[in-house]
Structures are given as C-alpha cells and as structure tokens.
Amino acid sequence: MSEPAITVGYWGIRGLGAPLRMMMMYSKVPFKCECHDIMDKQGGGFECPSWFAVRKPELKAKAPLVNLPYVIDGDKVISQTNACFSYLGRKLGLWGDDDEQASMCEQLLCEIMDLRNKMTGFAYSPCSDSETVKANALKLLADVTDPSPMGRGILQKLDLCLAANKASGGCFFVSSHATAPDFHAWEMLDQFSMLAEHMGWNDGAHLLDAFPHLAAFHKKFAELPQNNAYLTSPFHSKMPFNNSMAVFGATPSFTPYVPGQECNWRNLSGVY
C-alpha cells in the first residue's frame with residue numbers, strides 16, 4: 001500500500017490536532033499521522049527531539065512558516081491552525097457551499113480559536129497548587145458562559161450561530177453538512193464540558209445546560225456514523241487534552257502528570 005498523500009502533524013495530544021484528525025477520519029481519507037511526543041528530560045523538564053531536532057528543520061527548509069500543527073499534501077506544507085482547517089475543509093468537501101458560507105466558516109474558526117486560547121491560557125498557567133487552579137478554572141468558565149447582553153461569553157455567541165442555521169437541524173454550524181468549524185467547536189465544547197465536570201462547576205450542572213443549541217450539537221455531532229471511527233480511536237480515547245506540563249488535562253484521567261509515569265498515549269504515529 002502506498003503512503004497516503006496527506007500527513008497531519010501535531011504534538012502527541014488532542015489539542016489542535018484533534019479536529020484535524022477528526023476531519024480526516026470523518027471523510028474516510030487515509031492519512032499519515034505524525035505525533036510529536038513531549039518526553040521527560042534528564043535532570044528535569046521536557047523535550048521533544050522528534051520535532052525540534054528532526055522534523056521542524058526538515059520542513060522549514062521548504063516551508064519557512066512551518067509550525068505545529070501542519071498539513072502536508074504532496075509538495076505542499078501548510079501551517080497555522082486556521083490555515084490547516086481551511087485547507088482540509090476545502091480539500092475534503094467540509095467547507096461552505098458559497099461565498100457567504102465560506103465567510104461564516106472563516107469567522108467561526110477565528111471565534112473558536114479565541115475559545116481555544118482561553119483554555120490554553122488557563123491550562124499552561126504557571127500556578128499549579130490545586131486551590132489556585134480551581135479558582136482560575138471557575139473564573140474561566142464564568143467568562144465563557146457569561147450570558148449578559150454586554151458580556152463576552154463565547155458560548156452564547158456560538159449558541160446563537162447554531163440557532164440561526166435553520167437548515168442543519170442543530171447538527172452543523174454553517175451548512176446542511178459538516179464544515180471545518182464543526183470539528184473544532186465540538187472538540188472545544190468537549191474540553192470545556194470536561195473541565196466543568198472535573199472542577200464541580202455550578203454544583204455539578206452541565207456546562208451546556210444554558211445553551212440548548214450547543215448541547216444538542218455536542219450530542220448529535222458525536223452520534224454521526226462518520227465520527228464513530230475517530231471517537232473509538234486512541235486519538236480520542238487515550239490522548240490527554242494538553243501536554244505534560246499543563247495544570248489541566250495533562251493526562252487522560254486529568255490527574256497531574258508525574259515524571260516517569262507510563263504514558264499509553266504516546267507512539268501513536270502511523271497511517272490511519
């Protein structure tokens with residue numbers, strides 16, 4: 001069997017790589033997955049020689065902007081997260097059907113990236129004592145769920161976007177079929193829901209209770225038969241949300257990473 005034309009590269013975590021892998025598996029297009037695993041460094045700290053010493057110099061020689069994540073398609077190397085989403089969206093037929101829908105895909109990708117950046121700002125905070133971590137998590141959850149008319153709550157904005165797409169039955173953000181922002185939105189809703197559950201947010205209420213369209217989307221999109229391959233794969237079932245230095249999601253069980261512990265989410269590179 002010849003090597004697939006498309007390669008998706010990212011850290012060996014869910015993070016920004018999860019929606020890209022999910023898009024490939026949804027489309028049933030074979031692809032090569034390159035997972036760059038963060039490893040314990042002798043004497044303390046972390047290192048990733050497979051990326052910094054090997055793959056990045058190779059790719060940078062022909063693609064100066066290369067970073068994680070990246071998509072390789074034949075001779076093309078695409079970097080920057082939203083550029084990767086857009087490229088695969090167009091390549092796989094997971095994009096808007098006209099200029100108006102394409103513009104909405106682009107806007108949603110930027111909005112969802114704002115949500116992602118809020119999560120990483122919290123998850124990679126240098127504060128690691130459990131009380132501070134929980135306080136920061138609850139502050140983050142209050143921010144993204146802010147329902148006031150003058151609020152900045154991203155979840156409210158996304159809920160309104162779903163409500164406006166009457167053609168999808170609540171299953172897609174933009175068209176009557178899946179588009180690239182659906183995959184990143186689903187992953188971030190999953191991450192924020194798990195954060196809320198783990199931190200006992202709002203006396204155990206589900207994060208999406210106040211956002212019925214998002215709640216329906218999170219359930220319906222996962223139930224699509226095309227998503228079964230990804231959701232039953234080790235990419236979803238084994239990988240942590242974040243790298244080992246994170247204060248949240250550094251392990252699949254959400255416990256803090258302990259140097260030297262067994263990591264069954266590593267070594268998942270291969271053809272899928």
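Quantities reported herein were computed from a predicted structural model and do not represent experimental measurements.
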(request) Fit a plane to each ring of Phe221 and Phe183, take the angle between them on a 0 to 90° scale, and name the class: parallel (under 30°), tilted (30 to 60°) or perpendicular (over 60°). (result) perpendicular
(request) State, without any angle test, whether Glu111 and Gln107 hold a side-chain donor-acceptor pair at a distance under 3.5 Å. (result) no
(message) With a 3.5 Å distance limit and no angle check, can you tell me whether Ser86 reaches the backbone of Asn82 through a side-chain donor-acceptor pair?
(response) yes
(message) Tell me if a side-chain donor or acceptor on Thr120 pairs with a main-chain N or O of Asn117 at a distance below 3.5 Å.
(response) yes
(request) Please tell me if the side chains of Cys127 and Val247 come closer than 4.5 Å, counting only heavy atoms from C-beta onward. (result) no
(message) Looking at every non-hydrogen atom in both residues, tell me the closest pair between Arg21 and Cys35 and how far apart they are.
(response) NH2-SG, 4.1 Å
(message) Closer than 3.5 angstrom, by distance alone: can the side chain of Lys166 be matched with the main-chain N or O of Ala163 as a donor-acceptor pair?
(response) yes
(request) Identify whether the distance between the nearest side-chain nitrogen and carboxylate oxygen of Lys32 and Glu34 falls below 4.0 Å. (result) yes
(message) Can you give me the closest heavy-atom contact between Phe211 and Asp159, atom names plus distance?
(response) C-OD1, 3.3 Å
(request) Would you indicate whether the side-chain heavy atoms of Glu106 and Trp95 approach each other to under 4.5 Å? (result) yes
(request) Taking Trp186 for its side chain and His218 for its backbone only, find out whether a donor-acceptor pair lies under 3.5 Å. (result) yes
(message) Taking Lys76's backbone N and O only, do any of them form a donor-acceptor pair with Asp73's side chain (distance below 3.5 Å, no angle check)?
(response) no
(message) Between Asp146 (side chain only) and Asp143 (backbone N and O only), is there a donor and an acceptor less than 3.5 Å apart?
(response) no
(request) Might you point out which heavy atoms bring Leu207 and Ala196 nearest each other, and give the distance in Å? (result) CB-CB, 3.9 Å
(request) Apply the test salt bridge (charged side-chain N to carboxylate O under 4.0 Å, His left out) to residues Glu131 and Lys134: give CA-CA distance (whole Å), side-chain angles for both, the deciding distance (0.1 Å), then the verdict. (result) CA-CA 5 Å; Glu131 289 188 8; Lys134 183 170 183 176; over 6 Å; no
(message) To check you understand the geometry: which heavy-atom pair defines the closest contact between Glu47 and Asp40, and what is its length?
(response) OE2-O, 4.0 Å
(request) Tell me whether the centres of the aromatic rings in Tyr230 and Tyr26 are closer together than 6.0 Å. (result) no
(message) Which residues pass the side-chain hydrogen bond (donor to acceptor under 3.5 Å, both in side chains) test with Gln261, not counting sequence neighbours?
(response) none
(request) Examine the side chains of Asp190 and Ser193 and answer whether a donor and an acceptor come within less than 3.5 Å of each other. (result) no
(message) Which heavy atom of Gly96 sits nearest to which heavy atom of Thr179, and what is that distance?
(response) N-CG2, 4.1 Å
(request) Could you list the residues that satisfy side-chain hydrogen bond (donor to acceptor under 3.5 Å, both in side chains) with Tyr10, not counting sequence neighbours? (result) none
(message) Taking the six-membered ring for Trp, are Phe173 and Phe217 closer than 6.0 Å centroid to centroid?
(response) yes
(message) Under 6.0 Å from the ring centre and within 45 degrees of the ring axis: does the NZ or CZ of Arg14 meet both conditions for the six-membered ring of Phe241?
(response) no
(request) Give a yes or no answer on whether the side chain of Gln156 reaches the backbone of Pro147 with a donor-acceptor pair at less than 3.5 Å. (result) yes
(request) Using a strict cut-off of less than 4.0 Å between a Lys/Arg side-chain nitrogen and an Asp/Glu carboxylate oxygen, indicate whether Glu58 and Arg55 qualify as a salt bridge. (result) yes
(request) Quick one: closest heavy-atom pair of Met25 and Ala229, and the distance? (result) CE-O, 3.7 Å
(request) Find out whether Trp11 and Pro69 are in side-chain contact, i.e. whether some heavy atom of one side chain is under 4.5 Å from a heavy atom of the other. (result) no
(request) Give me the one residue out of Phe31, Tyr70, Tyr272 that meets side-chain contact (heavy atoms from CB on, under 4.5 Å) with Val8. (result) Phe31
(message) Between Asp129 and Thr132 (side chain of the first, backbone of the second, donor and acceptor by atom type, cut-off under 3.5 Å), is there such a pair?
(response) yes
(request) Report the residues that fulfil side-chain hydrogen bond (donor to acceptor under 3.5 Å, both in side chains) with Asp97, sequence neighbours left out, ordered by chain and then residue number. (result) Ser175, His177
(message) Using side-chain heavy atoms (C-beta onward) and a distance below 4.5 Å, is Ser244 in contact with Phe46?
(response) yes
(request) Scan Tyr124, Phe254, Phe192 and name whichever one has a ring-ring contact (aromatic ring centres under 6.0 Å, His included) with Phe248. (result) Phe254
(request) Measure up the Tyr257 and Trp265 rings against each other and bin them: parallel (under 30°), tilted (30 to 60°), perpendicular (over 60°). (result) perpendicular
